[in-house]
Amino acid sequence: MEQEKQCRSDTQLTELGGTTTRTNGGTIYTLTIIGQIEGHQVLPDTVKTTKYEHVLPLLASIEESEEIDGLLLLLNTVGGDIEAGLAIAELISGMKKPTVSLVLGGGHSIGVPLAVSAKKCLIAPSAGMTIHPVRISGTVVGAPATYQYFNRIQERIVEFVTANSRIKRNKFLEYMMATGELASDVGTVIYGKEAVDCGLIDRLGSLGDALEVLHRQIEKQAGKQSAKK
């Protein structure tokens, strides 16, 4: 039985970049969001990806599981598919279980909504976050309707980020539309302390800090459930 559980754990770690840890303080599922967020188009095998069709049902099972008490989200992503990234972020933000995110290395582009989707968000001092307008690769039809479509997608991102963090809308748009910061693009790169100071991320921290915050959430929720009984 133990070997079977270990086998399942090893499979999760290999295929999904996730693992379950059981302690006296609760059972935590650790999920990594790395590389590019893969959407409806399959990316080359040489690109590290997070596949949304794997993550979505996994998040649903974590929320429903009676064995898992909280979710730790580790992010080091360059961004990727907007629809897929927002779908993952929406699921995480709608979870009732304790959730904590930790940005390591980078939480760029669509990684920004993913970073703020948890109930508490931490960032390593050396980690960076790139905030820029919606971009698309490939052929684009140069028509007013196309630009309107881009604006509507961008508005969804702005609304989600400002609703799930303390950053003001005007400040986020200022970062998004800044010129002179990026060599060949519009936008801004902010790092650990600045991400906290502007209200995008809750606090600086590393793995130990993120786990401490998550354990406090789990303990608080357990206390509420005991009070109801």
Side-chain angles (χ1 to χ4, degrees), residues 17-19 21 23 25-34 37 50 55 59 62-63 68-79 85-86 88-132 157-176 178 181 187-224:
T19 184
T21 306
T23 68
T27 300
I28 294 171
Y29 190 95
T30 302
L31 176 65
T32 56
I33 303 291
I34 62 166
I37 311 300
T50 297
V55 176
L59 290 172
I62 291 171
E63 176 73 347
I68 297 174
D69 300 304
L71 172 68
L72 175 63
L73 193 67
L74 302 179
L75 290 105
N76 189 4
T77 176
V78 295
L86 277 178
I88 296 171
E90 287 283 7
L91 273 192
I92 296 171
S93 69
M95 293 178 71
K96 293 182 179 179
K97 285 191 175 177
T99 55
V100 170
S101 65
L102 174 61
V103 181
L104 299 161
H108 306 295
S109 192
I110 200 62
V112 175
L114 286 165
V116 304
S117 63
K119 292 179 175 61
K120 284 293 180 182
C121 318
L122 284 75
I123 186 170
S126 61
M129 304 182 79
T130 304
I131 303 168
H132 60 69
I157 295 172
V158 173
E159 286 185 1
F160 183 88
V161 171
T162 53
N164 288 275
S165 69
R166 294 176 291 106
I167 194 169
K168 301 298 183 184
R169 177 186 176 86
N170 290 343
K171 186 64 177 177
F172 189 70
L173 288 173
E174 179 185 323
Y175 280 138
M176 184 178 279
E181 174 75 19
T188 308
V189 181
I190 61 176
Y191 295 94
K193 186 176 185 301
E194 186 177 0
V196 176
D197 290 343
C198 73
L200 184 62
I201 300 296
D202 293 317
R203 56 170 286 192
L204 290 173
S206 59
L207 180 59
D209 302 305
L211 287 169
E212 182 181 346
V213 172
L214 185 54
H215 280 298
R216 285 205 298 267
Q217 283 189 34
I218 292 172
E219 184 179 353
K220 185 176 180 180
Q221 188 169 75
K224 287 181 179 179

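Starting from 1, each residue takes its place in the sequence as its number. Owing to the predicted nature of the structure, the values given are computational and were not obtained by experimental measurement.
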Could you walk me through whether Leu74 and Ile33 pass the side-chain contact (heavy atoms from CB on, under 4.5 Å) check? CA-CA 6 Å; Leu74 302 179; Ile33 303 291; over 6 Å; no

Atom [atom1] of [X] and atom [atom2] of [Y]: how far apart are they, to the nearest 0.5 Å?
{"X": "Leu102", "Y": "Thr32", "atom1": "CG", "atom2": "OG1", "result": "12.0 Å"}
{"X": "Tyr175", "Y": "Glu194", "atom1": "OH", "atom2": "CD", "result": "3.5 Å"}
{"X": "Thr30", "Y": "Leu207", "atom1": "OG1", "atom2": "CG", "result": "8.0 Å"}
{"X": "Leu73", "Y": "Ile88", "atom1": "CG", "atom2": "CD1", "result": "9.0 Å"}
{"X": "Ser117", "Y": "Leu75", "atom1": "OG", "atom2": "CG", "result": "7.5 Å"}
{"X": "Ile92", "Y": "Leu71", "atom1": "CD1", "atom2": "CG", "result": "6.0 Å"}

Going by heavy atoms in the side chains, are [X] and [Y] under 4.5 Å from each other?
{"X": "Leu114", "Y": "Ile37", "value": "yes"}
{"X": "Ile110", "Y": "Thr77", "value": "no"}
{"X": "Asp69", "Y": "Pro98", "value": "no"}
{"X": "Leu31", "Y": "Val55", "value": "yes"}
{"X": "Leu200", "Y": "Ile131", "value": "yes"}
{"X": "Ile123", "Y": "Leu204", "value": "yes"}

Considering only residues two or more places apart or on different chains, which pairs with a residue in residues 195-215 satisfy side-chain hydrogen bond (donor to acceptor under 3.5 Å, both in side chains)? Lys193-Asp197, Ser206-Asp209, Glu212-Arg216

Using the side-chain contact (heavy atoms from CB on, under 4.5 Å) rule, take Ser165 and Phe172 through it: C-alpha gap first, then chi angles, then the decisive distance, then the call. CA-CA 11 Å; Ser165 69; Phe172 189 70; over 6 Å; no

Minimal non-hydrogen separation, [X] against [Y], with atom names:
{"X": "Gly128", "Y": "Tyr191", "answer": "CA-CD2, 3.6 Å"}
{"X": "Ala115", "Y": "Ser101", "answer": "O-OG, 2.6 Å"}
{"X": "Met129", "Y": "Ala195", "answer": "SD-CB, 4.3 Å"}
{"X": "Ala178", "Y": "Thr188", "answer": "CB-OG1, 3.3 Å"}
{"X": "Phe160", "Y": "Pro113", "answer": "CE2-O, 3.3 Å"}
{"X": "Met176", "Y": "His132", "answer": "CG-C, 3.5 Å"}

Taking [X] for the side chain and [Y] for the main chain, is one N or O donor matched with an acceptor at less than 3.5 Å?
{"X": "Thr130", "Y": "Ser109", "answer": "no"}
{"X": "Lys97", "Y": "Ile68", "answer": "yes"}
{"X": "Glu219", "Y": "Gly25", "answer": "no"}

Check the surroundings of atom NZ in Lys119: do more than 12 heavy atoms from other residues, nucleotides or ligands lie under 6.0 Å from it? yes

Check against side-chain contact (heavy atoms from CB on, under 4.5 Å), Ile28 and Ile218: CA-CA 9 Å; Ile28 294 171; Ile218 292 172; 4.0 Å; yes

